[in-house]
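Read through the structure below, which is laid out as structure tokens, and then see the notes.
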Amino acid sequence: MFPSERPRRLRRTSALRRLIAETSLAPADMVAPLFVAEGRAEPRAIESLPGHYQHTLDSLGAEVRALQLAGVTGVILFGVPERKDELGSGAFDDRGIVQVALRSLRDEFGDDVVIMADLCLDEYTSHGHCGVLRSDGHVDNDATLDLYARAAVAQARAGAAVVAPSGMMDGQVGAIRSALDDEGFVDTVIMAYSAKFASALYGPFRDAVGVEIAHGGDRRSYQQDFRNRRESWREARMDVEEGADIVMVKPAMTYLDVLSDLRREVDVPLCAYHVSGEYAMIKAAAANGWIDGPAVAVEQLTALRRAGADFVLTYFAREVAEALSS
Ligand code: PBG
């Protein structure tokens with residue numbers, strides 16, 4: 001051993017470790033996914049996402065106030081409609097639940113909170129797919145783009161500062177950008193789910209929004225194949241060319257390589273979505289006393305920042321932010 005070869009020298013005290021830390025995780029680096037349900041008098045707990053609810057408009061407002069108090073300044077809304085149909089019209093109807101919730105949050109919080117809306121059809125379609133179906137049962141890419149464009153305008157009109165297309169249709173960012181611009185919403189930000197994989201980790205989310213894909217189907221004809229890494233580069237580059245202001249990798253922990261690639265591939269802000277299954281696994285193991293849940297959560301979220309994420313969408317937002325700010 002050379003006398004200078006002593007990396008532990010810099011790990012000796014907590015103050016030294018803080019001084020040289022390359023990465024940090026702060027409440028402002030997290031965005032909280034929230035569910036809002038139509039026609040419900042009381043919030044309803046989501047069993048597979050402990051601590052999360054299908055909110056009423058009132059309980060949604062209270063949750064956003066609590067997040068704001070803890071220093072979390074971004075929320076992303078998902079709707080749980082009373083009725084679904086073939087086209088998923090609740091997604092683009094001005095009276096759809098997310099549009100109603102956006103108006104109410106915008107009234108209360110204005111621009112103090114970054115109010116985002118997930119933009120997709122799956123919560124609203126009777127068949128559970130992210131787009132409209134052709135008669136042969138396949139998802140019709142270009143017909144879906146028209147509906148995404150309408151949803152984007154409805155969300156922007158209702159007060160969304162950020163719209164987040166998550167359906168993985170080709171050309172979705174371009175279609176949404178031009179529809180928003182045509183309607184004068186030039187300042188509405190597009191956060192694109194660019195590298196979104198067909199993952200088994202979305203299970204609890206589908207419970208939360210009551211989505212079941214018809215005929216035991218799946219999303220592999222539009223979401224990415226988890227065996228592939230390179231196609232994410234092209235997806236992200238295309239989204240930026242089409243006008244994406246922020247790009248995303250989803251899920252998170254199983255795709256740190258992709259996150260790190262995209263950090264080099266594009267120069268817009270980059271985020272990671274630590275998804276429902278990732279949250280549920282930590283909660284379940286912690287409930288069994290097998291792991292220290294809060295410690296694992298901070299380790300994982302920090303790892304996403306280290307791999308290149310500027311911020312993280314996470315069901316841990318409130319819990320971790322409260323712990324960080326206490
Ligand atoms: C699609 C959408 C999904 C999630 C976010 N947007 C589900 C899917 O693709 O099936 C999953 C998020 C999570 O698991 O936390 N609208």
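Counting starts at 1 for both ligands and their atoms, in listed order.
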Going by the closest heavy atom to [atom], which one wins out of [options]?
| atom | options | result |
| --- | --- | --- |
| atom 2 (C) of ligand 1 | E278, K196, Q223 | K196 |
| atom 5 (C) of ligand 1 | H274, E123, K250, R219 | K250 |
| atom 14 (O) of ligand 1 | S276, P165, G167 | S276 |

Subject >> Protein heavy atom at shortest distance from atom 15 (O) of ligand 1 >> reply: Y315 OH, 2.6 Å
**OP:** Answer yes or no on whether K250 is positioned over the face of Y202, meaning its NZ or CZ is under 6.0 Å from the six-membered ring centre and within 45° of the axis.
**Re:** yes
Original post:
Salt bridge or not for D310 and R305, using N-O below 4.0 Å?
Top reply: no
Check each atom of ligand 1 against the heavy atoms of [X] and keep those under 4.0 Å away; list them by number with element.
| X | answer |
| --- | --- |
| Y273 | 12 (C), 15 (O) |
| D122 | 1 (C), 16 (N) |
| C120 | 16 (N) |

Original post:
Considering only heavy atoms, does V211 approach ligand 1 within less than 4.0 Å through its side chain, its backbone, both, or neither?
Top reply: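 Looking at V211 and ligand 1, no heavy atom falls under 4.0 Å.
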Original post:
In chain order, what residues pass the ring pair (Phe, Tyr, Trp, His ring centres under 6.0 Å) check against F78, with sequence neighbours excluded?
Top reply: F35, F205
**OP:** Compute the centroid of each ring, for Y279 and then for H274, and state whether the two points are separated by less than 6.0 Å.
**Re:** no
**OP:** Could you walk me through whether R206 and E212 pass the salt bridge (charged side-chain N to carboxylate O under 4.0 Å, His left out) test, one step at a time?
**Re:** CA-CA 7 Å; R206 291 183 194 163; E212 206 175 315; over 6 Å; no
**OP:** With sequence neighbours excluded, tell me which residues meet side chain to side chain contact (heavy atoms under 4.5 Å, CB included) with M281.
**Re:** L201
